[in-house]
Number of protein chains: 2
Amino acid sequence: MIELCSARLAGDDRRGWIIPIGGAEKKIRSSAILSRFVELCGAGAARIVIIPTASQLHDTGERYVKVFGRMGAGKLDVINFATRSDCEDPGHLNLLQQATGIFFTGGNQQRLADIIGGTSSAQQIRDGNLRGVHVAGTSAGAAFLCRQMIRVGKTGTTPRGGMVSLTDGLGLSDAVIIDQHFRERDRLGRLLTALSRNPSATGLGVDEDTAAFIDPDNRIEVVGSGGLTVVDTANMTQSMLAAVRNGKPVGLIGVNLHILLSGDRYDLTTRDAWAKSDQDRRSASQ
Amino acid sequence: MIELCSARLAGDDRRGWIIPIGGAEKKIRSSAILSRFVELCGAGAARIVIIPTASQLHDTGERYVKVFGRMGAGKLDVINFATRSDCEDPGHLNLLQQATGIFFTGGNQQRLADIIGGTSSAQQIRDGNLRGVHVAGTSAGAAFLCRQMIRVGKTGTTPRGGMVSLTDGLGLSDAVIIDQHFRERDRLGRLLTALSRNPSATGLGVDEDTAAFIDPDNRIEVVGSGGLTVVDTANMTQSMLAAVRNGKPVGLIGVNLHILLSGDRYDLTTRDAWAKSDQDRRSASQ
């Protein structure tokens, strides 16, 4: 079980959790991912701001208000930033300031970067996360969370030159690069290509209805029905991207790959992975 | 450069090379893969037997006769095994006995297993390879070379239960499991699924127009325009396949992945990979 840490908001200034979700997460009452987010944010005491800017459907924000409301979230607000000047609005900044959790919906991540990136609201969210505000995003909202955001890319297993285009994301973490709908859209190749340029980051490929709950100490627990593909390039001795033309294969030597399922854990600092079954065995023998 | 070892045929009984090709290899005079195979087999002194059994096109064998002939191969024979009793024919066994190289064309690998597997011809080819006869196969012919053959499987990056079906191949090597058309058909998932059952083998995912030249000491050199994906599961601490239902993700911890390009090398015994550029640097500094 994830340790609930809403108490941490009080004063010890631990970073909030960062929660990329792979998209298409279950939204009924039993949803493991969304209900755990609501719990983390304080359940009845939660004040969650929903940001549907990535989506161009008019009811995306209200849909999540209903979902989180059914799960018992205390206070719910939607801020649909439509322009960069919206992101400087004192009312909006005030809502973000008071939030215990912030949720980015899916849609087009380029809209998030274009409208929110570099604004006072982006700064407010980063500052909030450092104080303990939890920030989740699904699909495009997941991609946006980290510093280097995958903007667009091509499908396929193996990396190729020109396969992926990166831009600046929200910047909550530079320890990870996130890709979503991972298994469903065969995105290992574009994540490997992204990492071949940024080997100090760890790649997180998040399947649909699956989330990486990244705690304040950069330890991940997987929640959901799919897998989390962790791509660790710390020991990569060779990346030939610089010399590669568009469409040509990229050579990589020494990539460490884990495919983690619900309950499995990964430590982004030590780069160790544990299967849930091992943890259960350890607990049983204690 | 690959050291030519046709001299080894004389008497020191070194194993012949094993050469899986990913399919769709260039067949013109400049073909790096096929011309290197012809050279290995002895060029003008080569006696190559072409086995088009996987294919159901009538001219597949003759097509390779022309290709290898243009490359200067000395003697070329086609044996189109159509039934298991064909594989007991003394004339065919005699041709195989005298060969310096054997080439399996593409098509359907299940036909190779059904018609040739377990026959005297299969035994003759295995014995020949142990004495120094080089055995190459492209596409279905590549899959057939090793002991555990991928029979059929589903497309996609990440492993899932029921994604792949294995059967017995020719059995030249149990050190590797081979998959072909690798990048083009997004086959990492099925190769990982196959390895999760057979973690002592190394997975070789061979792209089109690409070959793994496996020498008598189980060292690989990559030749061709695509990539060779090497999947090393020696340090895999977790494989959850046993508990996984069809279609559900398979958890794997500790997979080591290399994507090697033409001129790169891999040692199947020590599990070390070297990029061509590193080898060039080493040579230059000597």
Side-chain angles (χ1 to χ4, degrees), chain A residues 155-160 179 182-193 196 205 207 210 222 224-233 235-240 242-244 248-266 271-278, chain B residues 155-160 179 182-193 196 205 207-208 210 222 224-233 235-240 242-244 248-266 272-278:
Chain A
T155 292
T157 299
T158 57
R160 284 172 286 145
D179 209 349
F182 192 69
R183 173 164 77 90
E184 293 77 7
R185 300 189 189 171
D186 278 334
R187 288 179 161 173
L188 181 61
R190 76 182 212 177
L191 184 57
L192 284 170
T193 307
S196 68
D207 287 354
T210 308
V222 183
S225 64
L228 176 72
T229 300
V230 175
V231 184
D232 168 13
T233 49
N235 297 315
M236 192 166 70
T237 58
Q238 177 73 12
S239 159
M240 290 294 289
V244 170
K248 295 294 173 188
V250 175
L252 297 173
I253 288 180
V255 175
N256 203 7
L257 190 75
H258 314 288
I259 296 173
L260 305 181
L261 306 180
S262 197
D264 294 348
R265 290 167 184 269
Y266 187 79
R271 298 181 184 260
D272 290 317
W274 298 272
K276 180 173 186 293
S277 53
D278 289 343
Chain B
T155 292
T157 299
T158 58
R160 285 172 287 145
D179 209 350
F182 192 69
R183 174 163 75 90
E184 292 77 7
R185 300 190 189 170
D186 278 335
R187 288 180 161 173
L188 182 61
R190 76 182 211 176
L191 185 56
L192 284 169
T193 307
S196 68
D207 288 354
E208 293 182 358
T210 308
V222 183
S225 64
L228 175 73
T229 300
V230 175
V231 184
D232 167 13
T233 49
N235 296 316
M236 190 166 71
T237 57
Q238 177 73 11
S239 160
M240 291 293 289
V244 170
K248 295 294 172 187
V250 175
L252 298 173
I253 289 181
V255 175
N256 203 6
L257 191 76
H258 314 290
I259 296 173
L260 306 182
L261 306 180
S262 197
D264 295 350
R265 289 168 185 269
Y266 186 78
D272 290 317
W274 299 271
K276 181 173 187 293
S277 54
D278 289 343

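Just so it is clear, the model here is predicted, and its values are computed rather than measured. Here is how names work: the chains are called A, B, and so on, in the same order as the sequence lines, proteins then strands, and each is numbered from 1.
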_Can you give me the closest heavy-atom contact between B:A273 and B:Y266, atom names plus distance?_
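So the minimum-distance heavy-atom pair works out to CB-CD1, 3.7 Å.
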*So which heavy atom on A:T155 is nearest to which on A:R160, and how close?*
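Closest pair (atom of A:T155, atom of A:R160, distance): O-NH2, 3.1 Å.
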*Interface moiety of B:L192 toward chain A, non-hydrogen atoms closer than 4.5 Å*: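 Side chain only.
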*Toward chain A, the part of B:R187 with a non-hydrogen atom under 4.5 Å*: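 For B:R187, the contact with chain A is made by the backbone alone.
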*asked:* With chain A as the partner, which of B:L228, B:D207, B:N256 has the greatest number of non-hydrogen pairs under 4.5 Å?
replied: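 Option with the greatest count: B:N256.
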*Do you know which of B:T229, B:L188, B:D232 has the most heavy-atom pairs with chain A at a distance under 4.5 angstrom?*
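Max contact count across the listed options: B:L188.
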*Counting distance only, does the side-chain N/O of B:E184 pair as donor-acceptor with the main-chain N or O of B:E208 below 3.5 Å?*
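Checked: pair present.
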*Measure from the side-chain N and O atoms of A:S262 to the backbone N and O of A:G224, and report whether any donor-acceptor pair falls under 3.5 Å.*
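Answer holds: yes.
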